[in-house]
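Data block below; observations after.
Residue numbering restarts at 1 for every chain, and letters A, B, ... go by the order of the sequence lines.
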2 protein chains.
Amino acid sequence: MDGAEQPKRRPRVRRGSGELTVADVARQAGVSPMTVSRVINRLGNVLPETRARVEAAIAALDFVPNPAARSLAGRPQCRIALLHSNPSAAYLSEFLVGSLAGASETDAQLVVEHWDGGDSPVRLAQRLTDHRIDAVLLPPPLCDDAALLAALSASNLPLAQIATGAPVAFADAVSIDDEGAAHAMTCHLLALGHRRIGFIAGDPNQTASALRQAGYARALRDAGLDVDPDLIVPGDFTYRSGLDASERLLSQVPRPTAIFASNDDMAAAVIALAHRHRLDVPHDLTVCGFDDTAMARAVWPEITTIRQPVADMAHRAMLRLADRVRAAASPDVRAPLHEELAFTLVERASDAQPHEK
Amino acid sequence: MDGAEQPKRRPRVRRGSGELTVADVARQAGVSPMTVSRVINRLGNVLPETRARVEAAIAALDFVPNPAARSLAGRPQCRIALLHSNPSAAYLSEFLVGSLAGASETDAQLVVEHWDGGDSPVRLAQRLTDHRIDAVLLPPPLCDDAALLAALSASNLPLAQIATGAPVAFADAVSIDDEGAAHAMTCHLLALGHRRIGFIAGDPNQTASALRQAGYARALRDAGLDVDPDLIVPGDFTYRSGLDASERLLSQVPRPTAIFASNDDMAAAVIALAHRHRLDVPHDLTVCGFDDTAMARAVWPEITTIRQPVADMAHRAMLRLADRVRAAASPDVRAPLHEELAFTLVERASDAQPHEK
DNA sequence: AAAGAAAATGATACCGCTAACACGATTGAA
DNA sequence: TTCAATCGTGTTAGCGGTATCATTTTCTTT
């Protein structure tokens with residue numbers, strides 16, 4: 001041993017979690033870490049052959065980049081709020097599942113915020129920016145609140161409306177064709193042979209309601225039938241309103257042979273009331289709903305309804321917002337995009353051909 | 001200018017997002033960044049006076065530490081899976097909201113995973129560890145699946161059972177006192193004056209079912225009443241089963257004056273059937289449920305039920321798991337903790353005193 | 001074919017925070 | 001009084017990526 005004093009520092013203890021890093025992949029592929037990063041992020045200027053080698057290495061090692069490091073190293077953080085008004089809304093869980101999937105895909109953080117209208121929209125916007133929220137996801141019914149939309153937009157927050165009937169110019173929107181779906185359902189009832197079809201409208205404050213009613217009316221007209229105003233009764237999407245509405249419909253003479261409710265809760269109410277009137281569903285009365293929420297399969301008979309791909313919608317909206325937040329600095333701010341996803345008519349047990357008396 | 005060549009590198013462009021850092025706080029407080037970190041993480045060995053100064057600086061600047069940097073700098077990552085079997089279960093959204101709150105508090109990542117029993121439990125465990133899941137949150141009914149629990153535990157994954165009736169020794173558990181809650185509800189019915197109280201049992205595969213039934217029976221015995229086996233009918237938590245069960249109860253002579261269903265879906269079915277029998281709820285028949293899911297407020301009259309603080313439960317479980325994952329390296333592995341949260345009896349419109357005929 | 005432009009890749013320095021260690025100031029024990 | 005243990009705080013070196021610039025290679029162009 002020489003007399004020179006040893007350097008004081010000993011080799012530091014590794015803190016690393018032992019997980020793979022870009023360096024491991026780089027070694028395996030015989031390139032530099034930077035090239036690996038380029039491949040991962042699909043940045044151009046990588047020879048196809050190199051890219052292939054790196055991709056092979058990634059696959060071989062089953063490498064997953066560390067999101068924390070990623071976001072720390074320059075990629076802007078991205079916190080997206082899901083603003084809801086009703087924590088027990090039936091669609092919320094599907095909503096969350098979809099958003100969460102989108103969030104983890106884009107390495108965004110999902111923050112669930114609640115707003116019941118107690119604060120003013122402006123205060124809410126303030127609260128959100130204080131919480132460093134970068135964008136907001138708006139499920140119904142909040143997606144149709146004009147004052148809210150205005151306030152959030154004024155705070156320069158990118159917005160996404162989900163399942164709205166009236167997309168605004170300054171927000172992204174993902175929805176289904178409510179009018180078309182209601183049209184399809186009505187056609188389905190017509191095809192079964194129904195001619196007197198009652199319709200229970202939805203909450204007039206939600207934009208989708210009018211669209212659904214329009215689809216119903218168009219289908220009747222297309223079939224050469226008159227739209228009888230007596231067969232259209234108001235509702236507000238609650239079970240209770242469905243009870244009142246169906247009472248009005250079922251007391252008519254002649255009674256409608258089918259009732260199309262604007263959502264499943266009201267459809268469930270129709271079934272309950274029909275049973276109280278000693279009517280068999282679907283033998284004496286066909287009932288159908290809209291949304292395919294848990295209620296549709298909770299009751300008996302299970303309700304024929306329109307399925308909205310809620311999880312998908314939330315997923316798409318999430319990706320779109322993350323994109324927008326990350327691209328905010330760049331010059332090419334894309335115009336808001338209004339996307340329409342396909343709905344499905346799911347036939348269950350509450351519909352049948354009209355019964356000849 | 002001197003002739004020496006300028007260093008090639010120019011000052012780098014700042015990539016920072018302009019957000020505050022520990023350094024800013026340190027400057028403001030006149031200490032080093034490390035001391036700020038110590039204060040934030042409540043590590044000991046900081047003079048109270050220094051701590052106060054730092055805390056003041058944090059408050060003044062409204063500083064929030066960057067979670068990405070935090071986890072990158074050593075704190076072990078923490079990915080927790082919420083494993084569910086039914087994406088549209090009524091409680092799932094509350095569940096997610098609570099878990100998400102816990103996740104953001106502890107800087108853990110929540111991953112939602114679905115399992116319908118298609119894969120073997122062992123394969124599932126494999127899949128989870130492949131996805132680098134560190135711990136698993138189990139809501140009902142999965143929290144009672146013995147094979148699943150065994151497989152996950154064998155993979156060394158910390159587990160938390162939520163709302164289970166039978167906590168296992170090797171998992172954390174957060175639940176309510178199902179037996180006590182059922183007892184309380186039954187006492188409530190007795191206090192109203194009911195003596196013939198029907199009971200609809202829950203799915204025998206879920207451990208909470210037996211507890212609820214036991215609570216019902218104990219309350220009757222406490223009141224000096226016999227437990228009439230004819231008044232206890234089986235169910236499986238579905239609306240459909242509630243329909244069958246209540247048919248059996250309502251056809252008895254004398255008819256029960258109250259029916260206590262083990263969950264809200266079945267209670268809703270009781271109401272529907274009662275209406276079909278031209279019975280007014282609650283005038284002719286008192287109905288109550290359990291869980292306080294969306295169904296309880298969807299139907300009319302709204303159902304008197306037992307509220308489980310699902311969001312809180314998920315929240316607590318989440319914190320516990322994050323703790324456990326982070327403490328995994330340390331020697332003092334705490335014993336699993338079984339926690340019991342308070343329930344609430346929420347009175348709505350489906351109960352009343354028995355009506356004298 | 002030489003010079004120049006463009007493309008591919010590498011090297012370096014961070015992002016914001018904290019583990020590990022260093023070090024001066026107290027405090028306590030011998 | 002001297003030396004060691006302790007405490008409070010500062011210093012250094014990463015964590016695992018990526019922005020930026022440097023360098024090398026390849027392809028044009030005249």
Review point. Can you check the B:Arg38 CZ to C:dT18 P distance for me, whole Å?
Key: 11 Å
Exercise for review: Answer yes or no: does a side-chain N or O of A:Asn66 lie under 4.0 Å from OP1 or OP2 of D:dG16?
Suggested key: no
Review point. How close or far is atom C1' of D:dC21 from atom CG of A:Asn45, stated in whole angstroms?
Key: 14 Å
Point to revise | Shortest non-hydrogen contact between A:Asp24 and A:Leu61, atoms and distance | key: O-CD1, 4.1 Å
Revision key, fill the gap. For A:Leu72 and B:Asn66, the nearest pair of non-hydrogen atoms, with its separation, is CD1-ND2, 4.3 Å
Review point. Would you say the side chain of B:Arg51 and the base of D:dG8 hold a donor-acceptor pair, judged only by whether the two atoms sit under 3.5 Å apart?
Key: no
Revision key, fill the gap. Between CG of A:Leu20 and P of D:dC15 the distance, given in whole Å, is 14 Å
Exercise for review: Go through D:dG17, D:dG8, C:dT18 for me and flag the one nearest to the B:Ser37 side chain.
Suggested key: C:dT18
Practice item. Measure from CG on A:Leu47 to P on D:dT26 and round the result to the nearest Å. Key: 9 Å
Point to revise | Under-4.0 Å side-chain N/O to phosphate OP1/OP2 contact, B:Thr35 with D:dG10 | key: yes
Review point. Can you check whether A:Thr50 has a side-chain N or O nearer than 4.0 Å to OP1 or OP2 of C:dA8?
Key: no
Study note, to complete from the structure: Separation of D:dA13 atom C1' from B:Leu72 atom CG, nearest Å, is 13 Å
**Study point:** A:Met34 side chain, from C-beta outward: closest of D:dA19, C:dT9, D:dT9
**Key:** D:dA19
Practice item. Tell me what A:Val31 touches on the nucleic acid: a base, only sugar-phosphate, or nothing, going by heavy atoms under 4.0 Å. Key: sugar-phosphate
**Study point:** side-chain hydrogen bond (donor to acceptor under 3.5 Å, both in side chains) partners for A:Thr129, two or more places apart
**Key:** none
Exercise for review: Count the heavy atoms belonging to other residues, nucleotides or ligands that lie under 6.0 Å from CZ of B:Arg127, then report whether that count exceeds 12.
Suggested key: yes
Exercise for review: Determine, stepwise, if the pair A:Leu92 / B:Leu96 fulfils side-chain contact (heavy atoms from CB on, under 4.5 Å).
Suggested key: CA-CA 9 Å; A:Leu92 190 58; B:Leu96 282 165; over 6 Å; no
Review point. Counting only side-chain N and O atoms of B:Arg70, is one of them less than 4.0 Å from OP1 or OP2 of C:dT18?
Key: yes
**Study point:** Phosphate OP1/OP2 of C:dG16 contacted by B:Thr21 side-chain N/O (<4.0 Å)
**Key:** no
Check your understanding: How close or far is atom P of D:dG17 from atom CD1 of A:Ile40, stated in whole angstroms?
Key -> 7 Å
Practice item. Using whole Å, report how far CZ of A:Arg27 lies from C1' of C:dG10. Key: 16 Å
